[in-house]
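Structure first, then comments.
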Amino acid sequence: MEWKWRTIIEPFKIKSVEPLGFTTREERLRILEAAHYNLFNIRAEKILIDLLSDSGTGAMSAAQWGALMQGDESYAGARSYYNFENEIRSLTGFAEIIPVHQGRAAEKILFTLIGGKGKYVVSNSHFDTTRANVEFSGAAAMDFPCREALDFERPAPFKGNADLRAMEKFIKEKGAGNIPLCIMTVTNNSLGGQPVSMENLKGAQALCRKYGIPMFLDCARFAENAYFIKLREKGYGGMPVRKIAEEMFELADGTWMSSKKDAFANMGGFLAMNNKDWASRARQMLILTEGFATYGGLAGRDLEAIAVGLREVLDENYLQYRLRSAEYLGTGLTGHGIPIINPPGGHGVYINAKKLLPHIRPQNFPGQSLACRLYLEGGIRACEIGTLMFGRRDAAGKFLPAPMELVRLAMPRRVYTQSHIDYVIEVLGAIAKDTGSMKGLDVVEAPAALAHFTAKLRPAAEENRPRKHHVQKTTIR
Ligand code: F0G
């Protein structure tokens with residue numbers, strides 16, 4: 001009899017390594033000040049563990065590095081393009097395959113074609129670049145997350161689902177003719193990297209068919225989504241994950257992918273569909289902004305790496321390890337009483353900073369304060385998804401906080417080992433015991449849009465500091 005082992009191990013061995021950037025607390029304090037408490041301004045070599053994004057930060061396999069040397073760099077008709085096209089066609093079933101340099105390039109092209117004033121794009125949740133591109137076209141981006149998604153504490157298997165009833169009500173209200181597209185984002189990055197069930201995708205397809213609206217998948221993390229379906233949805237436990245992924249794509253009329261995620265590529269993406277008219281107009285835009293139809297802003301070697309990555313990502317040993325990694329981090333944090341979006345998503349863990357730091361007002365950025373503290377104490381970089389990213393002022397100048405204050409710990413693929421994650425848990429555990437000393441931040445300077453990339457901040461002025469908590473010795477200065 002074959003014994004079953006409980007320990008899920010990293011399903012790879014390490015062939016090439018890169019040193020980590022060790023610094024002292026004193027150095028990090030100086031670095032933080034020089035970076036104006038904006039972690040995007042810190043040089044990556046001064047980061048010990050970088051959980052800012054899982055995008056383009058993965059480790060390629062030996063097979064991918066080998067494929068790079070096979071890259072055909074011909075301007076037109078490169079062999080690498082046909083390898084790329086074949087791989088995507090066989091996975092997604094779509095006829096028209098258009099390479100782009102990254103996900104948002106596909107979004108820009110698509111919404112230039114189908115967006116515009118007076119139109120509405122509906123979705124389980126738009127990712128922020130998707131929303132920005134929809135809005136830039138003049139259209140409105142409408143999110144219909146399911147109810148469970150908004151309750152961070154209570155676990156549910158498919159918190160990435162759309163609220164199809166609310167979506168249908170909206171379609172009826174605005175008229176299907178004004179809705180050029182429904183987007184299902186798999187997994188749902190904006191709300192915790194949570195999966196969408198096959199049942200919900202089928203429901204969305206039926207709804208879209210009923211009203212004649214095309215449905216596209218934003219499939220940056222399609223493989224993680226498919227593996228969640230295998231683990232959690234009735235009827236899929238025994239199905240190969242590739243088949244599940246194929247079934248997801250079959251329900252849609254098209255898709256786009258940031259291949260910097262589930263294709264293990266450092267750069268790249270594609271737009272794919274069956275609609276010949278849209279595809280031909282998209283290719284005209286592509287030539288204008290990205291490049292010729294057989295390379296679209298990518299080198300031949302990038303196309304090869306993506307083709308190999310799309311096959312590798314569906315390895316079930318990999319996916320088991322991948323989802324287990326986020327779960328391991330999530331369990332470690334909840335063990336320290338740290339509130340997270342529960343259960344953890346596919347590509348990382350989202351800390352609920354509003355709950356962890358109730359004494360810091362939204363205008364003093366609890367999420368960003370926590371992210372800065374995490375860097376100060378542990379050299380770890382995370383990403384705020386809260387008022388720094390989404391806070392607004394209305395026409396009268398009234399401050400409108402974001403609905404949530406999250407800190408995302410996004411895990412690069414195949415990059416960090418379990419001891420790195422143990423370290424992150426230890427650092428956060430210590431911070432969670434010392435939150436009373438945290439004072440929040442004030443804005444020094446911020447642009448009107450996409451403020452989080454360039455905003456300058458400083459420790460909150462005395463009059464803005466929380467009063468209820470007693471002052472302790474260590475402060476985030
Ligand atoms: N769609 C989703 C669901 C994404 O997560 C991203 C990027 C994009 C589209 C845009 O793709 O970056 O290749 O242009 N997400 C990154 C992140 C930036 O950190 O979550 P891109």
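Note that ligands are numbered from 1 as they come in the structure, with each ligand's atoms numbered from 1 the same way.
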With a 4.0 Å cut-off on N to O distance, would you call [X] and [Y] a salt bridge?
X	Y	value
Glu107	Arg131	no
Arg301	Glu73	yes
Lys230	Glu316	yes
Arg413	Glu312	no
Glu327	Arg324	yes

Are Tyr295 and Tyr75 near enough that their ring centres are under 6.0 Å apart?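 When the ring centroids of Tyr295 and Tyr75 are compared, they turn out to be within the sub-6.0 Å range.
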Please work out whether any backbone atom (N, CA, C, O) or any side-chain heavy atom from C-beta onward of [X] is under 4.0 Å from ligand 1, and answer side chain, backbone, both or neither.
X	value
Arg408	side chain
Gln102	both
Thr185	side chain

Checking a contact table here: which protein heavy atom is nearest [atom], and how many Å away?
atom	answer
atom 16 (C) of ligand 1	Lys261 NZ, 3.3 Å
atom 10 (C) of ligand 1	Thr129 OG1, 3.4 Å
atom 3 (C) of ligand 1	Asp218 OD2, 3.4 Å
atom 8 (C) of ligand 1	Phe127 CD2, 3.5 Å
atom 12 (O) of ligand 1	Arg104 NH2, 2.9 Å

Can you name the atoms of ligand 1, numbered from 1 with element, that are less than 4.0 Å from a heavy atom of [X]?
X	result
Glu107	1 (N), 9 (C)
Lys260	13 (O)
Ser53	17 (C), 19 (O)
Gly103	11 (O), 13 (O), 14 (O), 21 (P)

Residue-ligand contact His347/ligand 1, heavy atom below 4.0 Å: no
What class does the angle between the rings of Phe84 and Phe270 fall in, given that below 30° is parallel, 30 to 60° is tilted and above 60° is perpendicular? perpendicular
If the plane angle is over 60° it's perpendicular, under 30° parallel, otherwise tilted; pick one for Phe264 and Tyr318. perpendicular
Determine, stepwise, if the pair Glu246 / Arg242 fulfils salt bridge (Lys or Arg N to Asp or Glu O under 4.0 Å). CA-CA 6 Å; Glu246 286 171 5; Arg242 184 178 171 101; 2.9 Å; yes
Nitrogen or oxygen of Asp54 less than 3.5 angstrom from that of ligand 1: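 By distance alone, the answer is no.
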Evaluating non-hydrogen atoms only, which member of Ala220, Ser258, Gly56, Ala105 is closest to atom 11 (O) of ligand 1?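 Result: the heavy atom closest to atom 11 (O) of ligand 1 is in Ser258.
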Sequence-distant partners of Thr417, side-chain contact (heavy atoms from CB on, under 4.5 Å), two or more places apart: Glu10, Ile14, Ser419, His420
